[in-house]
Amino acid sequence: MSKESHKKEKLDFIREIIAADLKSGKHSTVITRFPPEPNGYLHIGHAKSICFNFGIAREHQEIGARCHLRFDDTNPEKEESEYVDSIKADVRWLGFDWGDNLYFASNYFDFFYDCARHLINKGLAYVDEQSPEEIRTHRGNVTTPGTPSPFRDRPVEENLDLFARMKAGEFDDGAMVLRAKIGMTSSNMNMRDPVMYRIMHATHHNTGDQWCVYPMYDFAHPLEDALEHITHSLCTLEFENHRPLYDWFIDNCPVPAKPRQIEFSRLNLSYTVMSKRKLLQLVNEGHVSGWDDPRLLTISGMRRRGYQPAAIRSFCHRVGITKFNSVTDMAILEAEIRNELNQNAERRMAVVNPLKVVITNWPDDTHSELVEVPNNPANKEAGTRQVSLGKELWIEHDDFMEDPPNKFFRLGPGRSVRLRGGYIITCTGFEKSDTGEVTEIHCEFIPDTIGKDAPEGVKCRAAIHWVDSATAMDAEVRLYDRLFSVENPDAAEGGFLSCLNTDSLSVITDAKLEASLARANPGDVFQFERVGYFCADSVDHIPGEKPVFNRTVALKDSWK
RNA sequence: AGCCCUAUGGUGUAAUGGUAACACUCCGGAUUUUGAUUCCGUCAUUCCAGGUUCGAGUCCUGGUAGGGCUACCA
């Protein structure tokens with residue numbers, strides 16, 4: 001697929017570790033996992049993790065490697081099954097398949113509970129009745145050590161009893177927690193007797209009201225990985241300081257495997273908003289139409305905008321895997337999108353700012369003919385379409401200049417230009433309104449120039465797009481200049497709501513006759529020549545009505 | 001402030017201790033029935049200072065800069 005695929009693929013530092021583990025015999029296969037919390041929709045940052053985790057499994061499929069999809073649903077207050085469904089759909093759409101390996105952390109709640117009891121029995125966990133505030137103060141800070149809880153040395157039997165009663169629902173939320181007994185002086189704050197279980201009387205999307213105690217991420221996650229025999233647990237950099245704790249739980253619990261956590265940097269994109277908190281706010285407060293609003297960099301938003309899965313995948317491949325905290329330029333994403341669309345999107349003609357053209361030597365007013373126009377000049381297989389051509393046309397206003405400079409190749413008095421796919425026409429005159437605006441131009445077409453070079457003596461250096469006014473139809477396109485673009489980078493923090501501007505454009509297309517635009521399937525992307533790529537909107541399009549398009553990306557360096 | 005992590009052109013990534021490379025962007029040129037595409041080219045890089053070594057982007061030490069950690073979130 002990619003040009004460099006025949007070259008020897010470079011290994012990132014994680015793939016190198018995996019290769020070494022395979023070579024040394026530490027592992028005979030590779031099992032990775034993508035573990036989202038179902039508390040929102042997936043975005044392009046998740047795409048990087050998905051492509052990476054599933055990609056590694058795919059690269060080693062001949063030795064039975066696989067990637068699990070696991071929902072990390074240990075906090076019932078934030079999680080919903082709507083999110084579970086959307087996440088599954090998005091992973092599939094991106095082109096990955098978890099096969100039979102679909103898991104829920106919530107299905108391991110019994111095991112977590114047993115492990116907790118195991119730790120209590122070993123004297124490595126205790127029930128703490130301090131308030132959240134007290135726990136926080138006693139934890140100390142980065143320079144001063146914490147102080148032990150007064151409940152820290154509770155006898156094992158008492159801990160067991162209290163923990164059982166926590167589970168039985170005898171206590172209110174926040175009354176007590178189960179903590180690991182590690183120490184209060186570590187320079188790593190995560191190691192200062194971290195909370196393992198909290199009381200939450202909440203309904204869980206999967207387990208309902210069966211539980212009122214829920215495990216914390218730090219406790220649950222290593223056990224989930226071990227239970228599934230994950231070999232390499234790949235996560236983002238902010239969990240680096242959690243790794244000692246991850247290992248501590250693995251070492252002290254009766255688990256069937258010893259997964260290894262490795263961290264890599266998350267994806268940051270310039271001029272955009274990706275944090276789930278902000279996305280949630282935009283959705284909840286109605287600033288966007290939903291999680292799939294084309295302005296958002298959610299997977300579903302990108303789908304609605306016309307980004308192709310293959311392009312997103314190659315983008316993820318391009319940005320690579322490192323531990324360096326980088327900010328990737330949006331231009332790299334857009335370059336991948338254009339690269340993909342350039343090969344696949346069918347071309348269409350459209351006029352944004354129409355100027356009337358009358359072909360004065362046209363046989364008669366009612367005569368029209370069909371010209372055959374390629375759907376994608378670079379790709380014969382895309383075929384051709386027939387477009388109606390008549391006496392009266394619309395062209396782009398900017399394609400005519402009353403007094404054109406030398407470097408202008410399009411129409412002007414006495415100049416010739418090709419109607420894309422059709423005849424060469426020569427401008428013989430024009431009309432102006434009282435205000436001095438050009439309202440109409442007159443041209444003569446040169447017979448027998450379709451598909452042929454300009455005759456001797458005619459200078460024709462450009463082809464312009466046009467629409468037969470007799471068959472023209474209106475469409476609406478929504479322009480989003482760069483995804484969720486922010487004029488001022490500082491606005492990304494705090495003022496991020498101000499970057500939601502949308503521009504809408506009316507265009508006239510040649511769609512009425514060929515009808516391909518009107519019956520465009522949601523997600524179909526077209527290139528309006530010299531304007532950009534546009535995706536038929538899956539939400540707003542009503543058959544028979546004016547079609548609505550979302551701009552996918554602008555053409556590079558084209559007429560704006 | 002303590003601990004952990006990171007540092008290669010404008011941006012993102014490569015380089016068993018041995019000629020610093022690829023992509024994007026910018027700019028220039030050629031081709032073009034899209035001023036797109038395609039093709040070619042230009043500019044530009046190892047944070048700083050020491051050390052080890054025949055040889056350091058790579059190893060060591062010390063700075064500097066950036067990120068992370070002080071949730072009963074994940």
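Just so it is clear, the model here is predicted, and its values are computed rather than measured. Lettering of chains follows the sequences in order, A, B, ..., and the numbering in each one begins at 1.
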Problem set entry | Chi angles and distances behind the ring pair (Phe, Tyr, Trp, His ring centres under 6.0 Å) call for A:Phe549, A:Phe528 | CA-CA 11 Å; A:Phe549 295 88; A:Phe528 291 171; 5.7 Å; yes

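- Across all strands shown, A:Lys407 has heavy atoms under 4.0 Å from base atoms, whether or not it also approaches the sugar-phosphate.
- If you check every strand for non-hydrogen atoms under 4.0 Å, A:Ala335 touches sugar and phosphate atoms only.
- A:Glu336 comes within contact range of no nucleotide atom at all, as no heavy-atom separation falls under 4.0 Å.
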For this session: Apply the test side chain to side chain contact (heavy atoms under 4.5 Å, CB included) to residues A:Arg277 and A:Leu280: give CA-CA distance (whole Å), side-chain angles for both, the deciding distance (0.1 Å), then the verdict.
Result: CA-CA 5 Å; A:Arg277 204 199 86 239; A:Leu280 225 206; 5.8 Å; no

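- Distance CG (A:Asn344) to P (B:U37): 16 Å, rounded to an integer number of Å.
- Within 4.0 Å of A:Phe409, counting heavy atoms only, lies at least one base atom of the nucleic acid.
- Across all strands shown, A:Thr236 has no heavy atoms under 4.0 Å from either base or sugar-phosphate atoms.
- Under a 4.0 Å N-O distance rule, the pair A:Glu59/A:Arg15 qualifies as a salt bridge.
- Distance, A:Asp399 CG to B:U33 C1': 14 Å, rounded to whole Å.
- For the pair A:Gly422 and A:Ser265, nearest-nucleotide mapping onto RNA chain B gives the more 5' position to A:Ser265.
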Distances under 3.5 Å only, N/O to N/O: pair up the protein atoms with those of nucleotides 28-30 of chain B.
none

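- With respect to the salt-bridge test (charged N to carboxylate O, under 4.0 angstrom), the residues A:Arg266 and A:Glu238 qualify.
- We find that CD of A:Glu529 is positioned 9 Å from P of B:G35, with the value rounded to whole Å.
- Listed for the A:His465 side chain is a donor-acceptor partner under 3.5 Å among the backbone atoms of A:Ala350.
- Atom CD of A:Gln527 and atom P of B:U38 are 11 Å apart (whole Å).
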Could I get a table of every N or O pair under 3.5 Å where one atom is in the protein and the other is in nucleotides 59-62 of chain B?
none

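- Atom-to-atom, CZ of A:Phe264 to C1' of B:G67 comes out at 16 Å; the value is rounded to the nearest Å.
- A salt bridge links A:Arg420 with A:Glu529: the distance from a Lys NZ or Arg NE/NH1/NH2 to an Asp or Glu carboxylate oxygen falls below 4.0 Å.
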Exercise. Run the side chain to side chain contact (heavy atoms under 4.5 Å, CB included) check on A:Phe104 and A:His205 step by step: do they pass?
Worked result: CA-CA 11 Å; A:Phe104 290 84; A:His205 77 96; 4.0 Å; yes

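- Ion pair A:Asp225/A:Arg70 flagged as a salt bridge, since at least one NZ, NE, NH1 or NH2 atom sits closer than 4.0 Å to an Asp/Glu carboxylate oxygen.
- Nearest heavy-atom pair, A:Phe112 versus A:Phe219, reported as atom, atom and distance to 0.1 Å: O-CZ, 3.5 Å.
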Problem set entry | nucleotides 69-74 of chain B: protein proximity per nucleotide (B base, S sugar-phosphate only, - neither; heavy atom, under 4.0 Å) | SBSBBB

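- Among the heavy atoms of the strands lying under 4.0 Å from A:Ile450 is at least one base atom, whether or not backbone atoms are also near.
- More than 12 heavy atoms of other residues, nucleotides or ligands lie within 6.0 Å of CZ in A:Arg165, so this atom counts as buried by the packing criterion.
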For this session: For salt bridge (charged side-chain N to carboxylate O under 4.0 Å, His left out), just list the numbers for A:Arg410 and A:Glu396, CA-CA rounded to whole Å, side-chain angles, deciding distance to a tenth of an Å, and then say yes or no.
Result: CA-CA 11 Å; A:Arg410 288 164 271 160; A:Glu396 202 62 59; over 6 Å; no

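- Here A:Phe52 pairs with A:Phe264 under the ring pair (Phe, Tyr, Trp, His ring centres under 6.0 Å) rule; sequence neighbours left out.
- At a threshold of 4.0 angstrom between heavy atoms, the contacts of A:Thr322 are confined to the sugar-phosphate backbone, with no base atom among them.
- Using a 4.0 Å heavy-atom distance criterion, A:Ile424 is classed as making no nucleic acid contact.
- As a whole-Å value, the separation of A:Arg385 CZ from B:U34 P is 13 Å.
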For this session: Starting from the C-alpha separation in whole Å, work towards a yes-or-no answer on ring pair (Phe, Tyr, Trp, His ring centres under 6.0 Å) for A:His242 and A:Tyr246.
Result: CA-CA 6 Å; A:His242 295 240; A:Tyr246 182 100; over 10 Å; no

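- For the pair A:Arg154 and A:Tyr126, the cation-pi test (distance below 6.0 Å, angle within 45°) is failed.
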For this session: Begin from the C-alpha positions of A:Thr144 and A:Asn141 and carry the test side chain to side chain contact (heavy atoms under 4.5 Å, CB included) through to its verdict.
Result: CA-CA 5 Å; A:Thr144 63; A:Asn141 60 40; 3.2 Å; yes

For this session: Convert the base pairs of RNA chain B into dot-bracket notation, remembering that pairs crossing earlier ones are written with [ ] and that bases paired across to another strand are shown as |; include only Watson-Crick or G-U pairs under 3.5 Å.
Result: .((((((..((((....[..))))..((((.......)))).....(((((..]....))))))))))).....

Please write out the pairs of protein N or O atoms and N or O atoms of nucleotides 6-11 of chain B separated by less than 3.5 Å, giving the distance to one decimal.
unit_1: B:U11; atom_1: O3'; unit_2: A:Val327; atom_2: O; d: 3.1
unit_1: B:U11; atom_1: O2'; unit_2: A:Val327; atom_2: O; d: 3.4
unit_1: B:U11; atom_1: O2'; unit_2: A:Asp329; atom_2: N; d: 3.3

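- A side-chain donor-acceptor contact under 3.5 Å links A:Glu82 and A:Tyr41.
- A:Asn190 is not listed as a side-chain neighbour of A:Pro244, based on a closest heavy-atom distance of 4.5 Å or more.
- The base of B:G35 lies outside donor-acceptor range of the side chain of A:Arg461, with no N or O pair under 3.5 Å.
- Rounded to whole Å, the distance from CG on A:Leu411 to P on B:U33 is 17 Å.
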